[in-house]
There are 2 protein chains.
Amino acid sequence: MLLDDSSRITIVEVAQYAGVSTATVSRVINKTGPVLPETAAKVYAAIEALNYKPNAAARGLASRRTNTIGLLVDEISGEFFQPMLRGIEVTARASGMDLLISSTGGMSQSSPPYPLGENNTDGLIVFADSLPQEELVRLHKIGFPLVLLHRSSPSGLNIPCVTVENKEGARRMVDYLVEERGYRKIAFLEGPDSHEDAYWRKLGYEESLAVHDIPFNPKLVSLGEFDETQARVSVSQWIKNGLNAEAIFAADDDSAIGAMAALKESGLRIPEDIAVVGFDDIRLAAYLDPPLTTVRAPIEQAARIAVEQLVKVIRGEEVEAMTLLPTELVIRRSCGCC
Amino acid sequence: MLLDDSSRITIVEVAQYAGVSTATVSRVINKTGPVLPETAAKVYAAIEALNYKPNAAARGLASRRTNTIGLLVDEISGEFFQPMLRGIEVTARASGMDLLISSTGGMSQSSPPYPLGENNTDGLIVFADSLPQEELVRLHKIGFPLVLLHRSSPSGLNIPCVTVENKEGARRMVDYLVEERGYRKIAFLEGPDSHEDAYWRKLGYEESLAVHDIPFNPKLVSLGEFDETQARVSVSQWIKNGLNAEAIFAADDDSAIGAMAALKESGLRIPEDIAVVGFDDIRLAAYLDPPLTTVRAPIEQAARIAVEQLVKVIRGEEVEAMTLLPTELVIRRSCGCC
DNA sequence: ATATGCTATGTAAGCGCTTACATCAGATAA
DNA sequence: TTATCTGATGTAAGCGCTTACATAGCATAT
């Protein structure tokens with residue numbers, strides 16, 4: 001910093017002003033150790049008078065605590081991210097922690113050094129596959145506080161994680177499509193391989209098919225990648241090849257949007273000719289034409305809980321190994337319900 | 001941190017392993033001062049072998065630089081925030097800076113201490129009215145690097161700022177409504193008082209009216225607050241009171257959405273009975289029914305530039321006092337164009 | 001040969017805190 | 001009364017780095 005050196009006021013100045021030692025000032029600030037109320041008052045007065053603000057770096061160095069939690073995401077995009085970030089930010093602040101955010105740029109195989117870790121944060125929230133397994137293992141081995149968000153712990157390790165009932169949600173969606181709407185030819189636009197949400201959602205799809213004695217047909221599965229454009233391409237391809245399906249279940253709402261675009265482009269009507277459903281219930285979902293039937297995931301709540309867990313871990317408290325938040329079916333017109 | 005002390009490896013270990021002094025290791029890491037290539041190689045080997053990572057706090061303490069930029073926003077919400085955050089995150093990373101984010105919770109009159117400032121960041125990006133003027137003044141006075149985003153500098157101070165052509169955009173939108181669509185009774189849903197974007201947009205509206213000899217009618221102005229719900233309430237009220245307008249110009253897309261909802265609720269057709277236009281061009285805008293005519297603001301680009309400016313200021317380089325990014329009319333059906 | 005200037009490296013003094021340990025009243029126990 | 005404890009505070013040793021300054025070797029200028 002290029003700051004005027006004279007304007008720097010440190011704990012020493014505060015101590016002098018208050019007529020006590022720096023140790024006492026520190027005790028007052030951190031409420032550690034006994035201090036006479038009147039002494040504390042003098043210190044507070046000095047802090048106020050001098051407009052003193054503790055230097056975070058010095059504090060971190062001396063105490064080996066940073067009072068900061070780190071958030072690792074693969075990329076800051078998608079409607080998905082917004083409620084998640086809000087939940088994390090608000091909860092971190094409420095816990096008195098600072099928030100350091102880093103996006104690894106969608107490359108889970110990115111190479112060291114990672115921008116966030118043991119020496120600039122007290123703990124990390126790791127979203128999905130934003131950190132390579134090896135680094136996860138390394139951090140866990142040295143006992144660094146970690147909470148996983150929207151992914152589960154690598155087997156063997158026992159890192160607390162919080163995620164949503166992806167499989168359940170997907171299963172119930174397909175159950176609904178089969179049982180209530182009477183569809184049996186249901187195509188699936190799957191998410192990215194590396195993403196655990198994607199994995200469970202597909203599993204839910206497959207399980208529901210099995211329950212209803214519908215044979216799994218690989219031709220009815222294509223790549224949506226949680227991406228509008230990719231989904232659009234995949235669905236166009238399907239149509240060109242003569243897709244024979246009554247409904248398309250997109251693994252997330254973004255790919256559902258792409259699917260709808262491709263279908264409309266081909267003159268197909270939704271849901272009369274083919275139904276479309278998604279997953280997440282992003283804000284846009286309700287505004288689409290027709291409004292999108294989807295599965296609502298409590299993203300903000302999950303984020304909130306993840307932070308709370310992490311703070312507990314940092315404090316050395318116990319937390320449950322896995323938190324699974326319920327999802328909820330949101331029925332709108334795109335599934336042919338009305 | 002609760003980390004195993006033995007696993008802590010510092011610059012001292014690296015120096016010993018490489019057979020040099022810590023100063024040399026520091027020189028190699030920071031590329032400061034001359035070092036023989038072979039010496040550097042030994043140091044790199046040691047770093048690799050020991051998996052050494054510099055301690056950010058110690059670095060910050062010693063060098064008085066944190067290598068971190070702070071972002072202050074009032075609240076993390078609205079579609080608005082997403083492209084902004086992405087622009088900031090990406091650019092910060094590209095500049096080798098960490099990013100510390102804090103939302104002041106929508107209260108610009110929040111009280112000290114502020115979570116981000118001189119002693120945990122090298123500089124701050126201050127969005128809109130997320131920091132009280134007095135703190136802005138204080139930081140600027142001590143020479144702390146600051147860049148304002150979506151607001152201008154308090155007069156007297158000369159803090160660099162980057163924002164978009166709100167007034168121009170609003171003016172052109174109203175020009176279009178009057179000149180191309182032939183409307184003359186244009187209502188306005190204004191944004192929050194404290195928000196500069198809101199101020200300029202309203203001014204653009206008024207200026208265009210003046211240019212076209214349309215008297216300003218206070219009855220045609222109500223509060224949108226950049227908020228869907230508030231806008232809905234305001235428009236419902238208008239309708240109840242017998243609104244006599246051909247078009248509603250909402251100061252942002254969110255309030256445009258609220259306006260559309262209220263109109264539809266009353267059985268009014270858009271744009272046949274009344275046109276609606278917005279500002280920002282959030283993703284949703286194109287998906288609304290009818291698709292929303294709006295003004296596109298280059299939010300991500302503004303964010304990007306703000307970070308670049310801030311980095312320059314931190315490095316002591318000169319930057320222009322004000323960067324004004326052009327906005328662009330996006331014509332869709334809600335204005336009655338087709 | 002001596003002076004001079006580089007370049008490459010080491011030495012050590014902090015940076016602004018926290019915290020173990022020391023100190024010193026005054027209270028309590030014996 | 002003296003030993004013991006307890007509460008309030010001070011002293012000072014780091015935390016892991018950066019960096020001014022010192023040093024030493026060697027090439028070049030004088």
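Please read these numbers as outputs of a predicted model, since none were measured by experiment. The analysis underlying the following values was restricted to heavy atoms, covering all of them including side chains, and did not include hydrogens, waters or symmetry mates.
A/Val12 comes within contact range of no nucleotide atom at all, as no heavy-atom separation falls under 4.0 Å.
A straight line from NZ of A/Lys31 to P of C/dT19 spans 15 Å, rounded to a whole angstrom. When rounded to the nearest whole Å, the span between CG of A/Leu36 and P of D/dG7 equals 12 Å. If you measure from atom CG of B/Asp122 to atom P of D/dT18, you get 14 Å, rounded to the nearest angstrom. To the nearest angstrom, C1' of C/dG16 lies 14 Å from CD of A/Gln16. The nearest whole Å value for the distance from the CD1 atom in B/Ile29 to the P atom in D/dT19 is 12 Å. Between B/Leu61 atom CG and D/dG16 atom C1' the separation is 9 Å, expressed in whole Å. Separating the CD1 atom of B/Ile9 from the C1' atom of D/dC15 is a distance of 16 Å, rounded to the nearest angstrom. For the pair A/Asn120 CG and D/dC17 P, the interatomic distance rounds to 13 Å; values are reported in whole Å.
Relative ring orientation between B/Phe80 and B/His150 is described as perpendicular, the plane-to-plane angle rising above 60° on a 0-90° scale split at 30° and 60°. By the 30° and 60° cut-offs, the orientation of the rings of B/His195 relative to B/Phe226 is perpendicular.
Considering only the side chain of B/Arg59, D/dC17 comes nearest among D/dT9, C/dT9, D/dC17. Distances were taken from every side-chain heavy atom of A/Ser26 (C-beta onward) to each of D/dC17, C/dT18, D/dC15; the shortest belongs to C/dT18. Listed nucleotides D/dG10, C/dT9, D/dT9 differ in distance to B/Thr39; the shortest reach to its side chain belongs to C/dT9. Each of D/dT18, D/dT9, D/dG10 was ranked by its minimum atom distance to the side chain of A/Ser21; first place goes to D/dG10.
A close approach under 4.0 Å does not occur between any side-chain nitrogen or oxygen of A/Ser63 and OP1 or OP2 of C/dT18. Look at B/Thr32 and you won't find any side-chain N or O under 4.0 angstrom from OP1 or OP2 of D/dT19. Dashed line: the shortest gap from a side-chain N or O of A/Thr24 to OP1 or OP2 of D/dG10 is under 4.0 Å. For A/Arg65 and C/dT19, the shortest distance from a side-chain N or O to OP1 or OP2 is below 4.0 Å. A close approach under 4.0 Å does not occur between any side-chain nitrogen or oxygen of A/Arg64 and OP1 or OP2 of D/dC15. For D/dT18, the OP1/OP2 oxygens have a side-chain nitrogen or oxygen of B/Asn30 closer than 4.0 Å. At D/dG16, none of the side-chain N or O atoms of B/Thr22 fall inside 4.0 Å of OP1 or OP2 (strictly under the cut-off). When the side-chain nitrogen and oxygen atoms of A/Thr10 are compared with OP1 and OP2 of C/dG16, none of them lie within a distance under 4.0 Å.
The line from CG of A/Leu148 to CG of A/Leu136 is 5.5 Å long, rounded to the nearest 0.5 Å.
Nearest heavy-atom pair across B/Leu85 and A/Phe81 is CD2-CE2, 3.6 Å.
For the pair A/Ser130 (side chain) and A/Val126 (backbone), a donor-acceptor distance under 3.5 Å is absent.
If you find the closest nucleotide of DNA chain D to B/Pro54 and to B/Arg27, the one lying nearer the 5' end belongs to B/Pro54.
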Exercise. Given the rule in the side chain to side chain donor-acceptor pair (under 3.5 Å) test, do A/Glu196 and A/Ser152 qualify, once you have shown the distances and angles that lead to the verdict?
Worked result: CA-CA 8 Å; A/Glu196 221 182 281; A/Ser152 58; 2.8 Å; yes
